[in-house]
Amino acid sequence: MNSIQKGKLFKQILDVVKQIPEGKVTTYGQIATIAGTQNPRLVGFALATLKEITDIPWFRVINSKGKISFSEQSNGFKIQYSLLQNEGIIFDAKNRINFKLYGWSIK
DNA sequence: GGCTTGACTTACA
DNA sequence: CTGTAAGCCAAGC
């Protein structure tokens, strides 16, 4: 019996993100649904609490617009941008990711 | 112990 | 395409 401990949302979210394969991306809403929450903000919040050093591929998480959730002038944007490009993700002229091609779902 | 904020989403105008 | 509104959970103060 998997008596899941409380606070599982965080754990679930992180666990889901960890399962994202290389070269794939997914949205906050998708993770939220898979993790079992109705609040995509928790996904962002969960990732926001991570430290710079983590096993979580947080950079593979983008918003529904197919863009990085950080401002283009933010340092996080640059880091995520580089990491994604490093995995073969291509950005279009508007810095958007065609996540319909790279989209990933746990099933 | 209660209110505010947050790396968001979806729907409607 | 842009803008506004509601939903929902956890952490921080």
Side-chain angles (χ1 to χ4, degrees):
Chain A
M1 59 189 201
N2 45 358
S3 41
I4 308 174
Q5 305 173 358
K6 56 192 277 191
K8 66 172 184 179
L9 268 301
F10 244 80
K11 195 170 186 291
Q12 284 281 66
I13 291 167
L14 300 180
D15 190 45
V16 171
V17 177
K18 271 198 245 181
Q19 294 178 59
I20 303 175
E22 184 177 316
K24 297 280 183 179
V25 297
T26 189
T27 64
Y28 291 93
Q30 188 69 23
I31 293 172
T33 302
I34 297 170
T37 180
Q38 299 296 97
N39 200 349
R41 294 186 185 182
L42 273 299
V43 179
F45 199 58
L47 297 180
T49 58
L50 295 175
K51 302 171 184 174
E52 296 184 12
I53 303 175
T54 177
D55 295 4
I56 313 294
W58 57 268
F59 51 86
R60 291 180 190 147
V61 183
I62 59 178
N63 60 25
S64 65
K65 294 172 245 172
K67 299 186 71 173
I68 294 173
S69 301
F70 291 104
S71 297
E72 297 184 8
Q73 58 183 358
S74 285
N75 192 32
F77 178 90
K78 299 172 189 173
I79 296 173
Q80 187 168 8
Y81 191 89
S82 298
L83 288 170
L84 290 174
Q85 281 194 326
N86 190 36
E87 295 198 346
I89 305 298
I90 305 300
F91 293 80
D92 66 8
K94 294 171 185 167
N95 282 339
R96 285 198 298 190
I97 298 171
N98 192 340
F99 89 94
K100 292 186 177 181
L101 297 178
Y102 302 107
W104 166 84
S105 62
I106 231 170
K107 53 182 177 159

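Proteins come first, then strands; the chains are lettered A, B, ... in the order of their sequence lines, and each starts at number 1.
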Legend entry - Check: A/D15 main-chain N/O paired with A/Q19 side-chain donor or acceptor under 3.5 Å: yes
Inset, instruction - Mark yes or no for whether A/E87, through its side chain, and A/P21, through its backbone, hold a donor-acceptor pair below 3.5 Å. - result: no
Legend entry - For C/dC8, the Watson-Crick or wobble partner whose two distances fall under 3.5 Å: none
Legend entry - Main-chain N/O of A/S74 paired to A/S71 side chain as donor or acceptor, under 3.5 Å: no
Inset, instruction - Output the single nucleotide from B/dT9, C/dC9, B/dA7 whose closest atom is nearest the side chain of A/L9. - result: C/dC9
Legend entry - 5′-ward residue of the pair A/I62/A/L42 relative to DNA chain B: A/L42
Inset, instruction - Would you kindly give the CD-to-C1' distance between A/Q12 and C/dA10, to the nearest whole Å? - result: 15 Å
Inset, instruction - Among C/dC9, B/dA7, B/dT9, find the nucleotide with the atom closest to the side chain of A/A48. - result: B/dA7
Legend entry - Between C/dA11 (P) and A/L47 (CG): distance, integer Å: 14 Å
Inset, instruction - Specify the separation, in whole Å, of atom CD1 of A/I13 and atom C1' of C/dA11. - result: 13 Å
Inset, instruction - Tell me which of A/T49 and A/Q38 sits closer to the 5' end of DNA chain C, going by the nucleotide each one is nearest to. - result: A/Q38
Inset, instruction - Write down the distance between CG (A/L83) and P (B/dA7), rounded to a whole number of angstrom. - result: 19 Å
Inset, instruction - Figure out the CG/P separation between A/L50 and C/dA11, and round it to whole Å. - result: 13 Å
Legend entry - Closest-nucleotide ordering on DNA chain C, the 5'-leading residue of A/F45 and A/N39: A/N39
Inset, instruction - Please determine if a side-chain N or O atom of A/S64 lies less than 4.0 Å away from the OP1 or OP2 oxygen of B/dT9. - result: yes
Inset, instruction - Starting from C1' on C/dC1, measure out to CZ on A/R96 and report it in whole angstrom. - result: 10 Å
Legend entry - A/N39 backbone acceptor or donor facing A/T37 side chain under 3.5 Å: yes
Legend entry - Whole-Å distance separating the NZ atom of A/K65 from the P atom of B/dT9: 7 Å
Inset, instruction - Specify the separation, in whole Å, of atom CZ of A/F10 and atom P of C/dC8. - result: 19 Å
Legend entry - ring pair (Phe, Tyr, Trp, His ring centres under 6.0 Å) partner of A/F91, chosen from A/Y102, A/F99, A/Y81: A/Y81
